[in-house]
**Student:** 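One structure is given below, represented as structure tokens, and several questions about it will come after.
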Protein chains: 2
Amino acid sequence: MVEHGAGAESSGGSGSARAKRPTMADVAARVGVSRALVSLVFRNEPGASKETRERVLRAAEELGYRPDNAARLLARTRSMVLGVMINIRNAFHADLVEAIYAEAERLGYEVLLSALGPARNERRVVESLLGHRCEALILLGPNAEDAYLAELGAHTPTVVVGRRVPANGVDSIHTAENKGMRQAVDHLVGLGHRAIVHIDGGDGPGSAERRRAYRAAMRDLGLQDEIRVLPGDHTEESGEKAGDTLLGDARLPTAVLAGNDRCAMGLMHALSRAGVGVPQDVSVVGYDDSHIAHLSRINLTTVRQDAEQMAQLAVRSAVERLDDHRLPSRELILDARLVVRGTTAPPRGHASAL
Amino acid sequence: MVEHGAGAESSGGSGSARAKRPTMADVAARVGVSRALVSLVFRNEPGASKETRERVLRAAEELGYRPDNAARLLARTRSMVLGVMINIRNAFHADLVEAIYAEAERLGYEVLLSALGPARNERRVVESLLGHRCEALILLGPNAEDAYLAELGAHTPTVVVGRRVPANGVDSIHTAENKGMRQAVDHLVGLGHRAIVHIDGGDGPGSAERRRAYRAAMRDLGLQDEIRVLPGDHTEESGEKAGDTLLGDARLPTAVLAGNDRCAMGLMHALSRAGVGVPQDVSVVGYDDSHIAHLSRINLTTVRQDAEQMAQLAVRSAVERLDDHRLPSRELILDARLVVRGTTAPPRGHASAL
DNA sequence: AGCAGCGACTAGAGCGCGCTAGAAGTACGG
DNA sequence: CCGTACTTCTAGCGCGCTCTAGTCGCTGCT
């Protein structure tokens, strides 16, 4: 590592001592009006003449004044801030966050992001969000148990994205997992697959439903003897591990339904490491359609969830619940749709049907 | 879309009306002590007996009290909050953020995240961060011009990650782009490549240095006639576009140095769409070694930047600058190292050397 | 002339907390 | 008995802002 000192002393525009942050009072004093008036101007409220408005803004600019959100939050009855919990490793969450920002802005809300991490569990993230006066929480793919979410929902409007939450007081938005899984199984069976394994998403959002849907679909198609669920979760690592498990077996399945896209990525990593071709030897289906899935290096067949719509609904639900605290909790279920790309094909030795 | 009403009225633990958030005064009243004492307890400061400490904590628990960060920030002289600007689409930023959280916690700082987006430019993100009383800023891969960063740095400790910033008062942390690029070019030339194109990162962080290093390396190796730089930026789209440009030409280059990993991904997308094999027909090198690069579906040869170390240095720089405002600005340059994976190979028809 | 109505502005009380100065209680030595 | 030291606790101001309830001067209407 190399270190370059700049040599020169840090020179601010405002002299050597880093000036204390200017406040509303400073602006007011400079213009010769009351603080309240400056407040009006910055909140874009009526009650100030066009001329004073300009003078205030000019003075603020000169002083480098910037409204202090902490104080604003404190003083306001409403904070107009939505807290969003994300898994920063999850590309699908990135899609959601972008849409959340957009919708929140449209409705006049600010967004505070807090990410999960190795040393930051869901409770810590939520604490942090709540500590910053978020009025409502939007949790992307939480793993927490229903009881905890219910408790949260009891005192803070809470919206869960990606999973069903039976708890009262908590809205949930997710796709129709059963439809998505059913389409995936149908697709594979249509291609001629029978040995179709499912890698479970553990306690990840939507996993229980996906597992159930997988089992139901297999049974419906007369493949109950082929049902096989491998433990896993929604990370690349679990996909890789499941892949290794499969590779250790005598016979590989011809197709795998991963718990989500990330899991599918890990799985393909393991398979390709072992020289197993996708889709020549094994077909793989993901779940999410995160924006990396369509990159053709990956080109993953997956179940599409509409991030933009989910995000919009999440924000709107939170806001509606904020406007009327006594709303009954809702469960919004969006359609899921299989997107067929390049990781699925007829099993080896199977004459293409029709 | 289906909507399920829960039917039952939202039932909180605390009755039907969503109780106002309890404050320190509520806790104090319940225990029968002063607010100041409760404050002591929650700040873990000496001055309260073990017994009262417990009573206070118990009462807080019962009331569901949670310290209000907005008020805390306002009252405290120091806020102990670091603001971090990220591009949520960038997997390398995810790596950085995780490490930033860890290091910040170690040093007793909180972290506030704010993401760039289609409708959120860098200035907006910075405003938002500053408005929430962040004491210092860590900007991951900013595009903003130096003058703006200098202005920022003049009144707020600012650390830029991923790019050189000549501005006084701004620390910058980046890798030795010249070394990284040089290694990449050496590697390709060693494999027998001569027609090596570089896709530029536009005004993205580090791009200017990478471009310069590419040119220098090519010249040094006697390949000045093969120098070719395609415009681009640090997104998948730009890689795809550059790929299309190349595909439109009479002759493809045998190797491409992308501006970063995302650009490389887009490029490979375009190539593979056109039936061009990587690395059989074209070798591709990325830059970042974000955690998706090593997934073997991608298996990208790339220049590794040590996210953890960069993040740690960023946080420490910010904190040191916070402790002593008059520190000269520094530029920390980390080593870069080429990681050879599966997207580079000898050009077609080239007998492997030695 | 009298007064309601309006636009432009201000005084001042909070919001929930941190923090300084100091009070009250206990302990000990002289 | 007082002085000193220490622990445990409290009073109350201030952080930068919002917001309610005004004041003030002016117009327009009866």
Side-chain angles (χ1 to χ4, degrees), chain A residues 19-57 59-60 63-81 108 110 127-128 130-135, chain B residues 19-57 59-60 63-81 108 110 127-128 130-135:
Chain A
K20 209 168 69 46
R21 180 178 177 140
T23 77
M24 215 164 229
D26 298 327
V27 179
R30 178 154 186 142
V31 183
V33 295
S34 71
R35 280 172 26 245
L37 192 47
V38 178
S39 175
L40 287 183
V41 171
F42 273 91
R43 278 178 292 143
N44 252 320
E45 295 271 304
S49 69
K50 206 170 173 87
E51 192 206 352
T52 9
R53 222 169 263 276
E54 272 169 19
R55 282 168 56 215
V56 166
L57 290 176
L63 290 174
Y65 168 75
R66 198 186 320 272
D68 183 330
N69 245 310
R72 189 171 253 185
L73 289 187
L74 188 58
R76 242 180 334 200
T77 24
R78 298 282 313 269
S79 82
M80 306 298 281
V81 176
E110 260 204 282
E127 290 298 313
S128 154
L130 253 24
H132 280 281
R133 276 193 163 241
C134 294
E135 290 186 296
Chain B
K20 209 168 70 42
R21 181 178 177 140
T23 77
M24 216 163 228
D26 298 328
V27 178
R30 179 152 184 143
V31 183
V33 294
S34 70
R35 279 175 27 246
L37 193 48
V38 178
S39 174
L40 287 183
V41 171
F42 273 91
R43 278 178 292 143
N44 253 318
E45 295 272 305
S49 69
K50 206 171 173 91
E51 193 206 354
T52 9
R53 223 169 263 275
E54 272 170 19
R55 282 168 57 213
V56 166
L57 290 175
L63 290 174
Y65 168 75
R66 200 185 319 272
D68 182 329
N69 246 311
R72 190 171 251 186
L73 288 188
L74 189 58
R76 234 176 344 195
T77 25
R78 298 282 312 269
S79 83
M80 304 300 281
V81 177
E110 259 203 285
E127 289 298 312
S128 156
L130 253 25
H132 281 281
R133 278 196 162 240
C134 293
E135 291 186 295

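This one's a predicted model, so the numbers in the text were calculated from it and none came from an experiment. Here is the naming used below: chain letters follow the sequence lines, and residue numbers restart at 1 for every chain.
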**Student:** Both B/Lys50 and B/Arg133 contact DNA chain D. Taking the nearest nucleotide for each, which residue is further toward the 5' end?
**Tutor:** B/Lys50

**Student:** Does A/Val41 reach the side chain of A/Met24, with side-chain heavy atoms less than 4.5 Å apart?
**Tutor:**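 Heavy-atom side-chain distance check fails, nothing below 4.5 Å.
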
**Student:** What's the spacing between A/Arg133 CZ and A/Asn69 CG if we round to 0.5 Å?
**Tutor:**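 Those atoms lie 11.5 Å apart.
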
**Student:** To the nearest Å, give me how far apart CG (A/Leu74) and C1' (D/dT18) are.
**Tutor:** 10 Å

**Student:** Would you mind reading off the distance between B/Leu73 atom CG and C/dC15 atom P, rounded to a whole angstrom?
**Tutor:** 19 Å

**Student:** At 4.0 Å (heavy atoms only), tell me whether B/Pro67 reaches a base, stays on the sugar-phosphate, or touches nothing.
**Tutor:** sugar-phosphate

**Student:** Please determine whether a side-chain nitrogen or oxygen atom of A/Ser49 lies at a distance below 4.0 Å from atom OP1 or OP2 of C/dC9.
**Tutor:**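 True: A/Ser49 side-chain N/O within range (under 4.0 Å) of C/dC9 OP1/OP2.
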
**Student:** In whole angstrom, what separates B/Leu37's CG from C/dA23's P?
**Tutor:** 18 Å

**Student:** For the side chain of B/Ser39, starting at C-beta, report the closest nucleotide among D/dC9, D/dG16, C/dG18.
**Tutor:** C/dG18

**Student:** Considering just the side-chain nitrogens and oxygens of B/Arg78, establish if one lies under 4.0 Å of OP1 or OP2 belonging to C/dG18.
**Tutor:**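 So the side chain of B/Arg78 is outside the cut-off, no N or O lying under 4.0 Å from OP1 or OP2 of C/dG18.
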
**Student:** Taking OP1 and OP2 of C/dG18, is either one under 4.0 Å from a side-chain nitrogen or oxygen of B/Arg76?
**Tutor:** no

**Student:** Kindly give the heavy-atom pair with the smallest separation between A/Ala59 and A/Val31, and that separation in Å.
**Tutor:** CB-CG2, 3.5 Å

**Student:** Starting at atom CG of A/Asn44, determine the distance to atom C1' of D/dT18, rounded to an integer number of angstrom.
**Tutor:**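 For the pair A/Asn44 CG and D/dT18 C1', the rounded distance is 15 Å.
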
**Student:** Out of D/dT8, C/dC15, C/dC9, which nucleotide sits closest to the side chain of A/Ala48?
**Tutor:**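 That would be C/dC9.
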
**Student:** Counting side-chain heavy atoms from CB outward, which of C/dC17, D/dT18, D/dC17 is closest to B/Met24?
**Tutor:**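 Closest nucleotide to the B/Met24 side chain: C/dC17.
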
**Student:** Taking OP1 and OP2 of C/dC9, is either one under 4.0 Å from a side-chain nitrogen or oxygen of A/Ser34?
**Tutor:** no

**Student:** Rounded to the nearest Å, what distance is computed from the CD atom of residue B/Glu45 to the C1' atom of nucleotide D/dT7?
**Tutor:**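 Spelled out: CD on B/Glu45 to C1' on D/dT7 is 15 Å.
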
**Student:** Kindly point out which of C/dC17, D/dT10, D/dC17 is positioned nearest to the side chain of B/Arg35?
**Tutor:**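 Taking heavy atoms from C-beta onward, the closest nucleotide is C/dC17.
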
**Student:** Where the side chain of B/Ala36 is concerned, which of D/dC17, C/dC9, D/dA11 is the nearest nucleotide?
**Tutor:**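 It is D/dA11.
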
**Student:** Just the rounded figure in Å: distance from P of D/dG16 to CG of B/Asp68.
**Tutor:**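 Those two atoms, CG and P, are 17 Å apart.
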
**Student:** What closest approach, in Å, do B/Arg43 and B/Arg72 show between heavy atoms, and which atom pair accounts for it?
**Tutor:**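 Minimum heavy-atom separation between B/Arg43 and B/Arg72: CG-NH2, 4.3 Å.
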
**Student:** With nearest nucleotide decided by heavy atoms, which residue, A/Thr52 or B/Phe42, maps closer to the 5′ end of DNA chain C?
**Tutor:**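 In this pair, the answer is A/Thr52.
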
**Student:** Could you state the atom-to-atom distance from CE of B/Met80 to C1' of C/dC19 in whole Å?
**Tutor:** 16 Å

**Student:** Of the non-hydrogen atoms in B/Phe42 and B/Ala60, which two are nearest, and what is the gap between them?
**Tutor:**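 Closest approach of B/Phe42 to B/Ala60: CZ-CB, 3.5 Å.
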
**Student:** In this structure, how many angstroms lie between the P atom of C/dG16 and the CG atom of A/Leu130, rounded?
**Tutor:** 15 Å

